[in-house]
Asks: 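One structure is given below, represented as structure tokens, and several questions about it will come after.
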Amino acid sequence: IININNSSNILIGDQNRDLKIKLFCVDIIDKDDEKIAVNLLKKEFPRGSKVKIKPIGFKEKTLIAKVFNLEETKEMSQLLIEKDLTREFC
């Protein structure tokens, strides 16, 4: 993880490239929930964390994906849904 820009846009990189990723099924409207969600994601997936991505597709040149920790015990979108910070709209 390089940067968590907001609750649905993550910047992931390796030694060769950076990828902008939009989290699958995340749509937070409330500004307070947005702040809570960003803080939660930064806590659970701190800068420098290694992650696995499961690509779902592309939208406007941005990869839409599910983002997991290496052990695949946590997934960003699911974490936000479980904490009632986003509605599942897929």
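These numbers were taken from a predicted model, which means no experiment stands behind them. In this chain, residues are counted from 1 in sequence order.
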Asks: Contact between L41 and I1 at the side-chain level, heavy atoms closer than 4.5 Å - yes or no?
Replies: no
Asks: Drop me the distance from N39's CG to I4's CD1, to the nearest 0.5 angstrom.
Replies: 9.5 Å
Asks: Ignoring hydrogens, what is the shortest heavy-atom contact between E34 and N6? Give both atom names and the distance.
Replies: OE2-CB, 3.1 Å
Asks: Does M76 offer a backbone N or O that forms a donor-acceptor pair with the side chain of E44 under 3.5 Å?
Replies: no
Asks: Just verifying a value: how many Å separate N3 CG and N9 CG, rounded to the nearest 0.5 Å?
Replies: 10.5 Å
Asks: Would I29 and T86 count as a side chain to side chain contact (heavy atoms under 4.5 Å, CB included) if you check the C-alpha gap in whole Å, the side-chain angles of each, and the deciding distance to 0.1 Å?
Replies: CA-CA 8 Å; I29 297 170; T86 186; over 6 Å; no
Asks: Quick check: closest heavy atoms across S77 and V26, and the distance to 0.1 Å?
Replies: OG-CG2, 3.5 Å
Asks: Exactly one of I21, I56, I12 should register a side-chain contact (heavy atoms from CB on, under 4.5 Å) with L63. Which one does?
Replies: I21
Asks: Decide side chain to side chain donor-acceptor pair (under 3.5 Å) for N16 and D14; before the verdict, give the C-alpha distance in whole Å, the side-chain angles of both, and the deciding distance to 0.1 Å.
Replies: CA-CA 5 Å; N16 300 321; D14 62 17; 4.5 Å; no
Asks: Do N5 and I10 come within less than 4.5 Å of each other through their side chains, counting heavy atoms only?
Replies: no
Asks: Report the hydrophobic cluster partners of L11, with the cluster defined as I, L, V, M, F, W, Y residues connected by side-chain heavy atoms closer than 4.5 angstrom, directly or transitively.
Replies: I2
Asks: Working note: D84 + D33, criterion side chain to side chain contact (heavy atoms under 4.5 Å, CB included); need CA distance, chi angles, decisive distance, verdict.
Replies: CA-CA 9 Å; D84 245 2; D33 285 347; over 6 Å; no
Asks: A quick test of your reading: do over 12 heavy atoms of other residues, nucleotides or ligands sit less than 6.0 Å from NZ of K20?
Replies: no
Asks: What's the verdict on side chain to side chain contact (heavy atoms under 4.5 Å, CB included) for K59 and K22, showing C-alpha distance, side-chain angles and the deciding distance?
Replies: CA-CA 9 Å; K59 184 176 183 180; K22 179 164 177 40; 5.7 Å; no
Asks: Which residue is it: Q78, E75, K74? I am looking for the one with a side-chain contact (heavy atoms from CB on, under 4.5 Å) to F68.
Replies: E75
Asks: Are the side chains of V51 and N69 in contact, using a 4.5 Å heavy-atom criterion?
Replies: no
Asks: Would L85 and L79 count as a side chain to side chain contact (heavy atoms under 4.5 Å, CB included) here? Give the steps.
Replies: CA-CA 9 Å; L85 296 169; L79 187 64; over 6 Å; no
Asks: How close do L23 and S7 get, heavy atom to heavy atom, and via which atoms?
Replies: CD1-O, 3.3 Å
